[in-house]
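One structure is given here, and the rest of the page talks about it.
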Amino acid sequence: MEFKLSEILIIDDDDAIKFVESKILRKMRFLKPIRFLKNGKEGLDFLRSRPLDPSSSFPRLILLDLHMPVLDGWGFLAEFDKLSDEIKSSYDVIIRTSSIDPEDRNRAINSPRIKDFIVKPLEYDLLLEIFVKHGFV
């Protein structure tokens with residue numbers, strides 16, 4: 001399977017979830033970088049401190065949790081929108097959360113920044129379906 005992504009950022013405070021999701025991605029043969037950040041603040045600090053590689057023609061993907069300490073997913077997205085257009089246009093965002101709150105789903109679906117909304121736990125078949133749906137494979 002050929003991926004049309006240059007890297008994946010997993011922003012989540014749950015180490016078990018990050019472990020499982022990285023295993024799923026490796027099982028899918030995603031061999032490009034997977035970066036782990038434990039909250040929205042770490043995610044923003046990473047994005048702000050790192051120059052983008054202009055030679056990469058593929059987008060980057062953020063798998064974002066909503067409920068985290070320090071800065072939650074919604075706070076991350078509010079601050080993400082303030083970043084440069086170059087950074088924002090280089091990343092696609094998929095929310096994966098344990099939230100079953102219909103308001104979270106509606107808010108995500110109505111956001112042009114968010115590609116999809118997944119209720120955890122993430123599973124191989126579901127992730128593959130979403131990657132195909134959004135042209136990441």
Side-chain angles (χ1 to χ4, degrees):
M1 178 176 340
E2 185 176 336
F3 287 87
K4 297 174 186 167
L5 291 167
S6 59
E7 77 177 339
I8 296 176
L9 308 183
I10 298 177
I11 304 177
D12 197 309
D13 62 317
D14 187 325
D15 290 336
I17 292 291
K18 290 186 281 193
F19 176 78
V20 168
E21 290 179 358
S22 68
K23 286 289 194 190
I24 291 170
L25 289 164
R26 293 303 184 212
K27 183 177 180 184
M28 294 173 83
R29 302 274 191 255
F30 183 80
L31 302 176
K32 296 174 185 174
I34 300 172
R35 314 239 186 245
F36 303 98
L37 304 143
K38 63 183 174 186
N39 59 58
K41 181 182 180 320
E42 275 195 11
L44 290 167
D45 290 346
F46 177 81
L47 295 175
R48 288 179 180 130
S49 68
R50 182 167 171 258
L52 291 173
D53 178 3
S55 68
S56 176
S57 60
F58 294 132
R60 295 150 181 90
L61 179 64
I62 297 172
L63 295 175
L64 179 66
D65 187 22
L66 290 181
H67 302 287
M68 298 174 285
V70 184
L71 185 64
D72 69 9
W74 296 122
F76 169 86
L77 289 167
E79 292 301 313
F80 182 84
D81 281 338
K82 297 175 186 175
L83 297 175
S84 72
D85 289 339
E86 179 186 28
I87 293 174
K88 290 186 294 193
S89 66
S90 297
Y91 287 90
D92 290 315
V93 179
I94 293 177
I95 290 178
R96 346 87 62 239
T97 182
S98 56
S99 173
I100 57 170
D101 183 346
E103 181 56 35
D104 282 338
R105 178 177 287 283
N106 289 336
R107 191 172 170 188
I109 289 170
N110 291 317
S111 172
R113 174 86 44 227
I114 299 168
K115 291 279 190 190
D116 225 310
F117 182 95
I118 304 167
V119 175
K120 294 181 201 174
L122 194 59
E123 296 175 358
Y124 181 96
D125 291 337
L126 177 59
L127 188 59
L128 180 59
E129 178 183 317
I130 286 172
F131 278 12
V132 169
K133 173 182 170 183
H134 296 293
F136 298 144
V137 292

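For clarity, every value in this text was computed on a predicted model and none was experimentally measured.
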Exercise for the section: Output yes when a side-chain donor or acceptor of S111 lies under 3.5 Å from a complementary backbone atom of R107, and no otherwise. Expected result: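 Not confirmed, S111 side chain does not pair with R107 backbone.
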Problem - Donor-acceptor pair, side chain of K18 and main chain of D12, under 3.5 angstrom - result: yes
Fill in the blank from the handout: Checking L77, L63, I62, I109 against I95 for side chain to side chain contact (heavy atoms under 4.5 Å, CB included), the one that qualifies is L77
To the nearest 0.5 Å, what is the distance between [atom1] on [X] and [atom2] on [Y]?
{"X": "I130", "Y": "D125", "atom1": "CD1", "atom2": "CG", "answer": "11.5 Å"}
{"X": "S22", "Y": "I34", "atom1": "OG", "atom2": "CD1", "answer": "6.0 Å"}
{"X": "L66", "Y": "L64", "atom1": "CG", "atom2": "CG", "answer": "6.0 Å"}
{"X": "L122", "Y": "I10", "atom1": "CG", "atom2": "CD1", "answer": "8.5 Å"}
{"X": "F36", "Y": "F46", "atom1": "CZ", "atom2": "CZ", "answer": "12.0 Å"}
{"X": "L61", "Y": "F30", "atom1": "CG", "atom2": "CZ", "answer": "8.0 Å"}

Practice task
Decide, yes or no, whether a salt bridge links D45 with K41 under the criterion of side-chain N to carboxylate O below 4.0 Å.
Solution key: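 Salt bridge flag = yes for K41 with D45.
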Problem - Presence of salt bridge, E79 and K82, under 4.0 angstrom - result: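 The answer is yes: the pair qualifies as a salt bridge.
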Smallest separation among heavy atoms of [X] and [Y], with atom names:
{"X": "Y124", "Y": "I24", "value": "CA-CG2, 3.8 Å"}
{"X": "K32", "Y": "R26", "value": "O-NH1, 3.1 Å"}
{"X": "D13", "Y": "P69", "value": "OD2-CD, 3.4 Å"}
{"X": "K88", "Y": "L83", "value": "CE-O, 3.2 Å"}
{"X": "F58", "Y": "S6", "value": "O-OG, 3.4 Å"}
{"X": "I17", "Y": "K120", "value": "CD1-CD, 3.9 Å"}

Do [X] and [Y] belong together in a cluster built from hydrophobic side chains that touch within less than 4.5 Å?
{"X": "I94", "Y": "I11", "result": "no"}
{"X": "L37", "Y": "F80", "result": "yes"}
{"X": "L47", "Y": "I8", "result": "no"}

Practice task
Check the pair M1, F131 against side chain to side chain contact (heavy atoms under 4.5 Å, CB included), reporting the backbone distance first and the verdict last.
Solution key: CA-CA 11 Å; M1 178 176 340; F131 278 12; over 6 Å; no
Might you confirm whether atom [atom1] of [X] has over 12 heavy atoms from other residues, nucleotides or ligands at distances under 6.0 Å?
{"X": "K27", "atom1": "NZ", "answer": "no"}
{"X": "R29", "atom1": "CZ", "answer": "no"}
{"X": "D85", "atom1": "CG", "answer": "no"}

Can you confirm whether [X] sits close enough to [Y] that some side-chain heavy atom of one is under 4.5 Å from a side-chain heavy atom of the other?
{"X": "R105", "Y": "V119", "result": "yes"}
{"X": "M68", "Y": "E42", "result": "no"}
{"X": "F3", "Y": "L31", "result": "no"}
{"X": "M28", "Y": "L128", "result": "yes"}
{"X": "T97", "Y": "H67", "result": "yes"}
{"X": "D65", "Y": "R96", "result": "yes"}

Handout entry: Between H134 and D116: side-chain donor-acceptor atoms closer than 3.5 Å
Key = yes
